[in-house]
Amino acid sequence: MTKKPEIIIASGIDDTLIQPLLYGIEEEEIPFQFAEIDGQTTVERAYQSAIESQLSVGLAYDRDYAYLHFKNLPAAEPLFKVAINRPDQLDRLGANAARLVKGVPFKEID
């Protein structure tokens with residue numbers, strides 16, 4: 001079975017926590033999918049999500065942070081880390097995940 005080209009998001013504790021992130025991805029019109037991803041840490045899960053994605057972009061989150069990873073980066077070095085309690089920053093993180101796929105400049109994250 002062929003995988004669809006999508007950003008992979010490691011399923012987390014409560015997917016409603018990252019709703020702004022999903023809006024950011026949707027705004028840039030790139031498909032995404034939630035998946036069960038193994039990893040001992042959230043950063044590992046973000047990296048494994050990037051490995052699983054045909055677009056080479058993965059996201060993962062916990063109760064404190066969301067991480068954006070790219071498969072060509074070192075496993076322990078995500079591209080961005082954003083606090084879950086910052087909806088404006090989560091929206092930008094989602095947009096940046098999609099922009100990484102498109103190859104266009106990122107939105108600024110504090």
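Bear in mind the structure is a predicted one, so any value in this text is a computation, not a measurement. All values below were derived from every heavy atom in this structure, side-chain atoms included, with hydrogens, water molecules and symmetry-related copies excluded.
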Quiz prompt | Heavy atoms of other groups near Y65 OH, more than 12 under 6.0 Å | solution = no

Exercise. Measure the spacing between CG of L90 and CG of L17 and express it to the nearest 0.5 Å.
Key: 9.0 Å

Quiz item: Is there a donor-acceptor pair under 3.5 Å between the side chain of R63 and the backbone N or O of I84?
Solution: no

Quiz prompt | Pairwise distance CG(D91) to CD1(I18) - rounded to 0.5 angstrom | solution = 12.5 Å

Exercise. Decide yes or no for L21 and I9: does some side-chain heavy atom of the first lie under 4.5 Å from some side-chain heavy atom of the second?
Key: yes

Practice problem: Sort and list the pairs that fulfil side chain to side chain donor-acceptor pair (under 3.5 Å) and have at least one residue in residues 92-103, not counting sequence neighbours. | Solution: E28-R99, E28-K102

Quiz item: Looking only at heavy atoms, which two atoms of F70 and V57 are closest? And how far apart?
Solution: CD1-CG2, 4.1 Å

Quiz item: Measuring from I109:CD1 to L79:CG, what's the distance to the nearest 0.5 Å?
Solution: 8.0 Å

Quiz item: Can you name the residues that form a ring-ring contact (aromatic ring centres under 6.0 Å, His included) with F80, not counting sequence neighbours?
Solution: F106

Self-check item: side chain to side chain donor-acceptor pair (under 3.5 Å) involving K107 - partner list, sequence neighbours excluded
Solution: E27

Self-check item: For P78 against V43, the heavy-atom pair lying closest together
Solution: CD-CG1, 3.8 Å

Quiz item: Out of curiosity, L68 CG to I7 CD1, how far, rounded to the nearest 0.5 Å?
Solution: 8.0 Å

Quiz item: Which pair of heavy atoms, one from P20 and one from P87, lies closest together, and at what distance?
Solution: CB-O, 3.4 Å

Quiz item: Donor-acceptor pair, S53 side chain versus E6 backbone, under 3.5 Å?
Solution: yes

Exercise. Quick one: closest heavy-atom pair of V82 and Q89, and the distance?
Key: CG1-CB, 3.3 Å

Quiz item: Quick one: side chain to side chain contact (heavy atoms under 4.5 Å, CB included) partners of P5, sequence neighbours excluded?
Solution: Q54, L55

Self-check item: Spacing of D88 atom CG and L93 atom CG [to the nearest 0.5 Å]
Solution: 11.5 Å

Quiz item: Y67 versus L59: any side-chain heavy-atom pair under 4.5 Å?
Solution: no

Expected list for residues 32-42: side-chain donor-acceptor pairs under 3.5 angstrom, two or more places apart:
| from | atom 1 | to | atom 2 | distance (Å) |
| --- | --- | --- | --- | --- |
| T41 | OG1 | E44 | N | 3.0 |
| T42 | OG1 | D62 | OD2 | 2.9 |

Self-check item: Pairs touching residues 43-64 that satisfy ring-ring contact (aromatic ring centres under 6.0 Å, His included), sequence neighbours left out
Solution: Y47-H69

